[in-house]
Amino acid sequence: MRPTPALAAGGRTVASFLSATEWMLPSPATQVHTISVLPSRLEFAFSNLTTSLRNGGGNGSETGNPKFQIVRDDLLHPLANGNKARKLDALLPVLRHCGATDIVTCGGCQSAHAAAVAVHCAEWGIRPHILLRGEQLDVPTGYNLISLMFGNVTYASRSLYAQRDEMLYEHAIKVAGCSGTVMWADEIIGKDLGLDEDTTDGNGSRKVMIVKEGAGSVQALLGVMRLLEYLSGLTLFGKDEKVHIVVDSGTGTTAVGLALGAVCLGLQWRVTGVMLADTLERYKQRERSLVSDFEKVFPQIYHGMVEDATHDNLVQWVERFSPRRFGKVLEGEIAMCRQVAQQTGILLDPMYTLAAWEQAVDLCCGDSAAKVLMIHTGGTLGLFGLAQRYSPQFTTGEQS
């Protein structure tokens, strides 16, 4: 195994640092589709030009219509949402390099993060332990699915969610046993704890790493920056071209990683994060915290590239078009997701990715000179729970 490079990157560029980093994913490559927004008597209609061109078709009348690109990270992995794989891309190799035998994390019963940790740990030979918290009617589907496929799942009631850090630590202690050790994943970033190829100390003791919900750590930023470097090298986007990236934001980690990557790589790309789960001040606070942590862990990359004044405005944070309490689905949104699926073959969910889609459509139909690029973060696992809660809206009444 190639060890993780030392953090003292010296005079190396960001690109060379990223190329020397050990990754979970063999390649950052992903599909990029072009969506055309068509005039319609209704609000909008869409066409997937990428699919049309691939099939040798296409409609010349669509040439003058507004367009935006969409990064298909929902197709990055058959089981784990692409955005979660991006966040784990640089993190899992570090944990394995430090000899992790077990990883403990938590999430909701439809949590893409929980599923991704279970999947990728299984692929890398690390035992995953997932603490799931109950969320209305999605408990049976989400809980049974992850438990059936990966095991090591513990169900936690909603009342414990507020004390999730304590809950994670207590469970990690149980997993480690008397002779094992427990560490938080964030604590090992930037520290050389030595390589342990056997992942034990010779007497079978466990080394348990705790990964917080959402994997919102400094190391997660690197995977997102790697994606941005890949996208900037495509012929679709010129090096000096202006690009406006749109992404739905739960914790905001992906948006911060994209914006920080654009600055460090010298790109004229701006990032809009559509806020889904918190207030503007909390998102800005999270942004400042991540940038500050990045500066501490990777000072040679950060130095001279990001001015202190940008701590508050790396990302443009915006409300979704119809703000609401997180998890609430408004009338017509499931129908909109069905329309997009039928016209483009792209699955959206009304809680996460529909918000970014709406923002991308609005931007590309505006007078912006920048190319609009939406990051499809996934979100499709949540459709199982939505189908339980809104079953009438998932049936059309048509006979096959």
Side-chain angles (χ1 to χ4, degrees), residues 68-71 73 81 83-84 86-87 112-113 212-218 220-225 227-228 231 242-265 267-295 302 305-330 333 348-368 370-379:
F68 67 93
Q69 274 72 43
I70 178 169
V71 176
D73 260 9
N81 279 359
N83 175 250
K84 306 308 177 184
R86 297 293 181 190
K87 291 180 179 179
H113 166 73
K212 289 185 178 181
E213 184 172 5
S217 67
V218 173
L221 299 177
L222 295 184
V224 180
M225 293 171 70
L227 169 64
L228 193 74
L231 294 174
K242 293 183 179 180
V243 177
H244 195 153
I245 300 177
V246 178
V247 63
D248 60 89
S249 298
T251 64
T253 304
T254 300
V256 173
L258 291 167
L260 191 58
V263 172
C264 292
L265 292 167
L267 302 172
Q268 299 185 59
W269 295 22
R270 59 185 296 193
V271 177
T272 291
V274 185
M275 301 183 294
L276 303 180
D278 221 325
T279 64
L280 174 61
E281 183 50 42
R282 290 292 294 273
Y283 275 101
K284 287 186 174 182
Q285 180 182 354
R286 182 64 177 156
E287 177 184 336
R288 288 192 296 267
S289 176
L290 283 170
V291 173
S292 176
D293 289 346
F294 186 85
E295 179 184 11
Y302 180 93
M305 296 183 182
V306 182
E307 299 293 337
D308 290 341
T310 66
H311 278 216
D312 282 322
N313 51 28
L314 272 178
V315 179
Q316 178 187 5
W317 301 106
V318 299
E319 292 272 11
R320 67 182 307 170
F321 284 167
S322 300
R324 82 291 301 268
R325 178 178 57 83
F326 178 71
K328 184 175 177 59
V329 176
L330 302 184
E333 291 184 332
L348 302 176
D349 78 285
M351 263 189 259
Y352 294 94
T353 48
L354 179 61
W357 178 279
E358 291 173 335
Q359 188 73 30
V361 170
D362 183 68
L363 287 172
C364 80
C365 290
D367 56 2
S368 174
K371 280 189 175 180
V372 177
L373 175 65
M374 173 191 160
I375 308 293
H376 193 314
T377 56

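Numbers here are sequence positions counted from 1. This is a predicted model, so every value here is computed, not measured.
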Could you check whether any side-chain N or O of Q359 sits under 3.5 Å from a backbone N or O of V274, counting only pairs where one atom can act as donor and the other as acceptor?
no
Got a second to check how far [X]'s [atom1] is from [Y]'s [atom2], nearest 0.5 Å?
| X | Y | atom1 | atom2 | value |
| --- | --- | --- | --- | --- |
| W317 | E281 | CH2 | CD | 12.0 Å |
| T279 | E319 | OG1 | CD | 9.0 Å |
| L222 | L260 | CG | CG | 9.5 Å |
| I375 | L231 | CD1 | CG | 6.0 Å |
| Q69 | K371 | CD | NZ | 5.5 Å |

Do the side chains of [Y] and [X] get nearer than 4.5 Å, heavy atoms only?
| X | Y | value |
| --- | --- | --- |
| K87 | T251 | yes |
| F326 | Y352 | yes |
| F68 | L363 | no |
| I70 | W357 | yes |
| T253 | R286 | yes |
| L354 | E358 | yes |
| L267 | L228 | yes |
| V71 | L373 | yes |

Can you tell me which residue among N83, D248, T254, D349 is in a side chain to side chain donor-acceptor pair (under 3.5 Å) with T377?
D248
Determine the minimum heavy-atom distance between [X] and [Y], stating which atoms define it.
| X | Y | result |
| --- | --- | --- |
| M374 | T353 | CE-O, 3.6 Å |
| A215 | H113 | N-CE1, 3.6 Å |
| A356 | V247 | CB-C, 4.1 Å |
| R282 | D278 | CG-OD1, 3.3 Å |
| G273 | A255 | CA-CB, 4.3 Å |
| Y283 | L276 | OH-N, 3.2 Å |

Before giving the answer on side chain to side chain contact (heavy atoms under 4.5 Å, CB included), spell out for F294 and V256 the whole-Å C-alpha distance, their side-chain angles and the decisive distance to 0.1 Å.
CA-CA 11 Å; F294 186 85; V256 173; over 6 Å; no
Does R324 have more than 12 heavy atoms from other residues, nucleotides or ligands lying within 6.0 Å of its CZ?
yes
